[in-house]
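Within every chain, numbering begins at 1; the chains are lettered A, B, ... in the order of the sequence lines, protein sequences first and strands thereafter.
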There are 2 protein chains.
Amino acid sequence: MVSIKDVARLAGVSPTTVSRVINGTGATSPRTTQRVLEAIEALGYQPNLLARSLRVQRSKLLGFLVIDIESPVFARLAKHIEDAATRKGYNLILCNVGENPKKEKEYLEVLIQRQVEGIIFSRVSDESLLYKTPQLSRIPYVVLDRNLEREEAPTVKLDNYQAGTLAAEHLVSLGHRYMACITGPLKIKICRERLEGFTETAQKKGIPAENLFVVEGNFKIDGGKMGMEKILTLPHPPTAIFCMNDLMALGAISAIRERGFSIPEDFSVIGLDNTILSEYSYPPLTTVAQPFDQMAKEAINLLLKLIEGKKVRKKEILLSPQLLVRASTAPLQK
Amino acid sequence: MVSIKDVARLAGVSPTTVSRVINGTGATSPRTTQRVLEAIEALGYQPNLLARSLRVQRSKLLGFLVIDIESPVFARLAKHIEDAATRKGYNLILCNVGENPKKEKEYLEVLIQRQVEGIIFSRVSDESLLYKTPQLSRIPYVVLDRNLEREEAPTVKLDNYQAGTLAAEHLVSLGHRYMACITGPLKIKICRERLEGFTETAQKKGIPAENLFVVEGNFKIDGGKMGMEKILTLPHPPTAIFCMNDLMALGAISAIRERGFSIPEDFSVIGLDNTILSEYSYPPLTTVAQPFDQMAKEAINLLLKLIEGKKVRKKEILLSPQLLVRASTAPLQK
DNA sequence: ATGATGAAAGCAAACGTTTCCAGAAAGGGG
DNA sequence: CCCCTTTCTGGAAACGTTTGCTTTCATCAT
């Protein structure tokens with residue numbers, strides 16, 4: 001390992017001076033600067049960030065704790081979080097915790113031990129381990145795309161009510177009068193918000209409450225499929241279905257097809273997320289898009305502000321969804 | 001920050017002893033051990049891994065350098081790499097470099113500066129920056145799912161020839177006599193290997209070379225679509241298409257549909273990867289599956305061996321693909 | 001000529017660990 | 001009872017940086 005001392009020796013100066021040249025801190029004469037730079041070049045010197053971090057007490061590391069990096073939503077989120085973080089000079093430790101609270105707890109400890117400066121949570125377990133790890137109270141974090149149930153925490157997420165509104169408006173404007181919603185787990189707050197936006201808007205547009213069916217799903221493909229199967233057994237089945245994510249929309253579509261119906265002729269289906277899945281499904285999925293890149297940027301910005309110790313006005317940042325009309329929704333057939 | 005000294009003071013021992021208790025190294029009397037543990041508990045002490053890493057010269061960090069974490073293939077790979085790494089006590093720095101050689105180069109430097117112990121590459125740029133960064137020659141790495149063109153390097157990948165073979169055998173066994181292959185970029189070695197397996201096997205099974213069409217694609221959806229459109233203009237179009245990944249298979253399917261044909265009645269389409277996309281597309285995609293979990297495990301194992309400085313017998317590890325028959329392929333209609 | 005000012009550079013301590021070495025205490029065999 | 005081992009513990013150096021303080025030296029105004 002070539003260290004700052006080796007550079008200093010070769011350049012004929014002290015380590016202090018080399019450090020100053022590297023960091024551009026303090027004054028150094030042009031001549032010494034030149035000599036130091038040459039020595040660095042000659043030795044192929046790379047500063048040791050472990051040592052620097054230890055000394056300055058800043059690791060320039062962030063933790064990204066996510067429930068499933070393979071899920072299209074979180075993969076896209078991860079990409080934009082990574083991008084925003086590196087732009088700000090931070091690196092990301094990837095923590096894929098799954099549904100495993102033990103792994104989540106262990107990761108929380110490791111992140112503390114590694115002295116990460118902040119954490120992005122794209123997953124909050126029901127037990128909110130956050131509060132059970134006392135050291136964590138000292139380290140800034142931002143919750144992304146989820147809500148903490150118990151307490152207010154810095155959050156960046158979609159305007160979920162608005163998302164529900166967009167879906168309802170779209171379907172109603174196509175002439176649908178009987179509609180269903182396949183939700184995510186209703187213990188998750190964002191699901192309840194989406195549902196509220198959907199039903200309230202539909203009613204405001206003149207759809208009676210008894211024409212709206214709600215089935216609780218699980219954000220997964222099979223949940224969408226099973227939900228749709230349940231819907232198809234209704235005495236007066238709806239003609240339009242709002243699924244709270246694209247994955248369940250695909251499941252619903254598959255259930256509809258198995259019964260021999262077509263989309264969008266017999267049923268209109270609208271999803272939510274706008275992941276790669278929806279773009280290339282058949283038929284291309286109409287969906288309420290989440291602005292993932294903007295969410296990531298806002299989350300990192302907020303986190304960095306918290307790290308700097310700045311006062312933040314809004315602890316909760318809401319971003320606007322956007323309706324993307326593709327081919328899975330169509331006017332109601334008379 | 002509560003440090004080992006605070007623990008030592010509270011327990012009435014030296015930092016040395018505390019360290020020994022924490023790491024289980026050296027002998028300590030039951031009485032002191034007990035007192036130290038209590039002090040740790042009381043103070044909520046967490047060791048500082050920056051300091052430890054600096055001292056023992058082992059960061060327990062790995063770099064995972066990937067071209068696009070959002071792509072279903074790499075997302076799945078990332079998940080399993082992360083899992084395998086944490087099982088071995090390592091953490092992962094996520095490096096999403098895209099098509100940006102500048103970012104790749106910067107990341108390489110940062111990884112060196114952060115003293116990562118090894119790197120997993122799921123992306124090798126054509127210029128092979130690997131060789132242009134001299135310090136990198138001292139840090140172990142493994143290339144995953146890709147080949148270096150110029151030089152032999154530790155590699156874990158699919159048996160790509162075998163994958164081509166499986167696709168060809170399946171299609172031929174269904175009675176198809178005219179077949180096409182939409183490849184990835186042919187400058188990538190794994191694509192050439194897959195193609196070789198496909199054409200050689202087809203010919204071995206009695207398909208004349210002139211019945212096999214090859215179109216170069218790009219591993220993306222539009223490449224599959226454009227490739228298929230080209231194929232459809234042939235005077236004697238093939239009845240079966242092997243796409244070198246699932247994404248292009250979806251593109252091909254979409255092109256076929258736009259011309260009013262159906263799958264698998266008019267064309268059989270087989271993909272490769274077995275990502276989430278293929279499972280839930282319509283129709284469900286027949287595909288050649290990559291054993292991503294096993295690949296990740298092997299890659300981490302190989303990397304750790306290299307880190308330990310052990311001699312490795314095989315520098316190239318080939319894993320077997322598996323044919324997954326779903327609904328996008330069918331016997332040739334007479 | 002002299003003191004004040006400022007630029008340039010170095011010394012040494014510090015960040016939080018681990019580990020080499022040495023020393024003390026305790027135990028055991030003769 | 002003495003010496004030798006073994007067990008347990010602590011002091012201090014080291015990992016590679018950064019930084020507060022000091023020193024040196026040149027410049028400049030008085």
Side-chain angles (χ1 to χ4, degrees), chain A residues 1-37 39-40 43-61 89 109-117 135 138, chain B residues 1-37 39-40 43-61 89 109-117 135 138:
Chain A
M1 263 271 356
V2 29
S3 84
I4 204 172
K5 286 181 192 169
D6 303 308
V7 176
R9 198 173 315 124
L10 182 60
V13 296
S14 75
T16 307
T17 303
V18 177
S19 171
R20 282 198 265 254
V21 169
I22 292 171
N23 299 298
T25 152
T28 45
S29 78
R31 226 175 64 97
T32 356
T33 306
Q34 178 63 20
R35 274 221 311 276
V36 169
L37 290 176
I40 288 175
L43 296 174
Y45 166 76
Q46 299 270 21
N48 183 327
L49 290 194
L50 289 178
R52 174 181 298 169
S53 296
L54 177 62
R55 172 61 227 234
V56 305
Q57 299 285 73
R58 299 204 57 181
S59 65
K60 286 284 181 175
L61 277 176
E109 281 183 2
V110 168
L111 290 180
I112 292 168
Q113 297 181 354
R114 287 211 185 267
Q115 315 291 117
V116 299
E117 296 184 36
Q135 292 84 355
R138 324 207 63 209
Chain B
M1 263 273 354
V2 28
S3 83
I4 203 173
K5 286 181 192 169
D6 303 307
V7 177
R9 197 173 315 122
L10 182 60
V13 297
S14 74
T16 307
T17 303
V18 177
S19 171
R20 280 197 268 254
V21 169
I22 292 170
N23 298 297
T25 152
T28 45
S29 78
R31 226 177 65 96
T32 13
T33 306
Q34 179 62 20
R35 275 220 312 276
V36 168
L37 290 177
I40 288 175
L43 295 174
Y45 166 76
Q46 299 271 20
N48 183 326
L49 289 195
L50 290 179
R52 174 183 297 170
S53 297
L54 177 62
R55 171 61 227 234
V56 304
Q57 299 285 74
R58 299 204 59 180
S59 65
K60 286 285 181 175
L61 278 175
E109 283 183 1
V110 168
L111 290 180
I112 292 168
Q113 297 181 355
R114 287 210 184 269
Q115 316 292 117
V116 299
E117 295 184 38
Q135 292 84 354
R138 325 206 61 209

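In this entry the distance linking CZ of Arg114(A) with C1' of dC15(C) reads 18 Å, nearest Å. Distance CD1 (Ile4(B)) to C1' (dG10(D)): 13 Å, rounded to an integer number of Å. Taking atom CD of residue Gln113(B) and atom C1' of nucleotide dT17(D), one finds them 13 Å apart after rounding to whole Å. The nearest whole Å value for the distance from the CG atom in Leu49(A) to the C1' atom in dT17(D) is 10 Å. Arg31(B) has its CZ atom 15 Å from the P atom of dA25(C), to the nearest Å. Straight-line distance from the CZ atom of Arg20(B) to the C1' atom of dG11(D): 11 Å, rounded to whole Å. Atom CG in Leu54(B) sits about 13 Å away from atom C1' in dA13(D), given to the nearest Å. One can place NZ of Lys60(B) at 18 Å from C1' of dC15(D), the figure rounded to the nearest angstrom.
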Working for side-chain hydrogen bond (donor to acceptor under 3.5 Å, both in side chains), residues Ser19(A) and Thr16(A) = CA-CA 5 Å; Ser19(A) 171; Thr16(A) 307; over 6 Å; no
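Proximity of Thr17(A) to the phosphate of dG10(C): a side-chain N or O atom is located under 4.0 Å from OP1 or OP2. For the OP1/OP2 pair of dA9(C) and a distance below 4.0 Å, the side-chain nitrogens and oxygens of Thr32(A) include at least one atom meeting the criterion. In this structure, Ser14(B) reaches the dG10(D) phosphate: one of its side-chain N or O atoms is under 4.0 Å from OP1 or OP2. Remark: Gln57(B) is in phosphate contact with dG16(D), judged by side-chain N or O atoms under 4.0 Å from OP1 or OP2. Remark: Ser29(A) is in phosphate contact with dA9(C), judged by side-chain N or O atoms under 4.0 Å from OP1 or OP2. For the OP1/OP2 pair of dT18(D) and a distance below 4.0 Å, the side-chain nitrogens and oxygens of Asn23(A) include at least one atom meeting the criterion.
The side chain of Ala27(B) lies closest to dC8(D), out of dC15(D), dC8(D), dT18(C). Of the candidate nucleotides dA8(C), dG16(D), dG16(C), dG16(C) has the atom lying nearest to any side-chain atom of Met1(B). Out of dT18(C), dG16(C), dT17(C), the shortest distance to the side chain of Tyr45(B) is found at dT17(C). Distances were taken from every side-chain heavy atom of Arg52(B) (C-beta onward) to each of dT18(C), dA9(C), dG16(C); the shortest belongs to dT18(C). For Ser19(A), whose side chain is taken as the heavy atoms from C-beta onward, the closest listed nucleotide among dT17(D), dC15(C), dT18(D) is dT18(D). When distances are taken from the side chain of Ala51(A) to each of dA9(C), dG16(D), dT9(D), the shortest belongs to dG16(D).
Counting heavy atoms from C-beta outward, Arg52(A) and Asn23(A) have side chains that approach closer than 4.5 Å. For the pair Ile112(A)/Val116(A), no side-chain contact is recorded, criterion being any heavy-atom separation below 4.5 Å from C-beta on. Looking at heavy atoms from C-beta onward, Leu54(A) lies in side-chain contact with Asn48(B) at the 4.5 angstrom threshold.
Checked by distance alone, Thr16(A) brings a side-chain donor or acceptor within 3.5 Å of a matching partner on the base of dT19(D). Evaluation of atom-type donor-acceptor distances gives no pair under 3.5 Å for the side chain of Arg55(B) against the base of dG16(D).
Remark: the backbone N or O of Ser29(A) is paired with a side-chain donor or acceptor of Thr33(A) at under 3.5 angstrom.
A salt bridge does not link Lys60(A) with Glu117(A): none of the charged nitrogens is closer than 4.0 Å to a carboxylate oxygen.
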